[in-house]
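Values in this document were obtained by computation on a predicted structure and should not be read as measured data. Just the heavy atoms: all of them, side chains too, but no hydrogens, waters or symmetry mates, feed the values below.
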Amino acid sequence: MDEHITYIGLDVHKETISVALAVGDRRGEVREHGRISNTPAALTRLLSKLSQPGAVLRFCYEAGPCGYSIQRQLSAAGHDCVVVAPSLIPRKPGDRIKTDRRDAVNLAKLHRAGELTPVWIPDLAHEAMRDLVRARLAAVRSLRQARQQLSGFLLRHGFHYNRPAWTQMHRRWLAGLRFEQPAHHIVLEDCMSTIEAATARRDRLTAQIEAMLVDWALAPVVHALQALRGMALVTAATVIAELGDITRFGNPRQLMAYLGLVPSEHSSGGTRRQGGVTKAGNGTARRMLIEAAWSYRFPARISREQLLRQEGLPKPIRDTAWKAQLRLCGRYRKLTRAGKPATTVTTAIARELAGFVWAIAVQVPQPTN
């Protein structure tokens, strides 16, 4: 049967796709097929040329900025296609030549050998929610940058606000500032207008996430994760939008490794060396969990906001959330007393928090496709 399978590597770019074929088993022929345009019509013509009675086509290409449209088109045509993780593609240390043709040939060979690691592919609705969540994250970054620019401008001219900033009182203080040069008032007003526009954009996208959550298939998981401390709606929606179906991880350790929250290691013989976390996988979800982990520096308790978020949730989920509080708050104090830096402690808490996220997600009934 293997001799009737053709493994096809696609090196995908914005305008073109380089194609290579690996026929049959490991001893079969591997050749370059050529280059086509990155359009649905060109991909359809490629399928018509390669399709033969009794032959099986298996495609692969690297995950990248071109998204999953090629995978969806090939799957709709009845062919197997995987999108592989670029960071996990085996590479020879001595290989110093990289071309599109070589990349396509290498993908075809490795796909035939079973050496590639596929990524999880979201459906259209999930990808739309993820784009919405990422748009809000971009708005938050723009707001932070605008605030930093204003703070730097004021610092250069000797103005200090020694109370919590970005409140209504802070806004009135800014309006009362006086500069010798008229141009500085123009700069101040422009910075303030930029901050107000960025704040409105962030709030608008936050409201859209709340509105779109109603029709999302993974909304029950988002609601369940809000039982955890530090996991309000936006944080929970961001984590699920980035991770997708958490139940695809067989155990919590796999999720921790995917998030890059496990220690790196370089051991040899009888020597074991562990370093900082690997920071592999999804950086956005990892950052959200680390931000949520800061809330566990306070004693364990159910706040009014958390109690409202837990209303209507099953008792096993609420029990898991309380168990997480007891363990993580105690763990935070223990590591702090041991003299660990705050960043190290928070990262360790985030790693264990990922395990409780997995434990709650697997208790939520999954939607049927």
Check your understanding: Mind checking whether Leu116 and His111 have side chains closer than 4.5 Å, heavy atoms only?
Key ->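 Yes; the side chains approach each other to less than 4.5 Å.
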Review point. Does some side-chain heavy atom of Ile246 sit less than 4.5 Å from a side-chain heavy atom of Val362?
Key: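 Val362 vs Ile246: side chains apart.
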Practice item. Just say parallel, tilted or perpendicular for the rings of Phe179 and His185, cut-offs at 30° and 60°. Key: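 Rings of Phe179 and His185: perpendicular, as their planes differ by over 60°.
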Check your understanding: Should the pair His170 and Trp173 be assigned to parallel (<30°), tilted (30 to 60°) or perpendicular (>60°) ring geometry?
Key ->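 Parallel: the ring planes of His170 and Trp173 meet at under 30°.
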Check your understanding: Which residues pass the side chain to side chain donor-acceptor pair (under 3.5 Å) test with Arg134, sequence neighbours left out?
Key ->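 Listed in chain order: Glu242.
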Practice item. Apply side chain to side chain donor-acceptor pair (under 3.5 Å) to Gln145 and list each qualifying residue two or more places apart in sequence or on a separate chain. Key: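 Gln145: no side chain to side chain donor-acceptor pair (under 3.5 Å) contacts found.
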In this structure, are over 12 heavy atoms from other groups packed under 6.0 Å from [X] atom [atom1]?
X: Met212; atom1: CE; value: no
X: Arg35; atom1: CZ; value: no
X: Arg91; atom1: CZ; value: yes
X: Arg248; atom1: CZ; value: yes

**Study point:** Phe249: ring pair (Phe, Tyr, Trp, His ring centres under 6.0 Å) partners, not counting sequence neighbours
**Key:**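 Ring pair (Phe, Tyr, Trp, His ring centres under 6.0 Å) check on Phe249 returns Tyr258.
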**Study point:** Atom of Arg31, atom of Val23 and distance for their closest heavy-atom approach
**Key:**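 The pair with the smallest heavy-atom distance is NH1-CG2, 3.9 Å.
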Exercise for review: Of all the heavy-atom pairs spanning Gly355 and Pro252, show the shortest one and how long it is.
Suggested key: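 Shortest heavy-atom contact: CA-CB, 3.8 Å.
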Review point. Going hydrophobic residue to hydrophobic residue with side-chain gaps under 4.5 angstrom, can you get from Trp294 over to Met288?
Key: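 Same cluster.
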Check your understanding: Between Val140 and Ile209, is there a shared hydrophobic cluster once you connect ILVMFWY residues whose side-chain heavy atoms come closer than 4.5 Å?
Key ->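 As far as the 4.5 Å side-chain criterion goes, Ile209 and Val140 are not connected within one cluster.
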Between the side chains of [X] and [Y], does any donor sit under 3.5 Å from an acceptor?
X: Arg229; Y: Gln325; value: yes
X: Gln363; Y: Thr320; value: yes
X: Gln73; Y: Thr44; value: yes

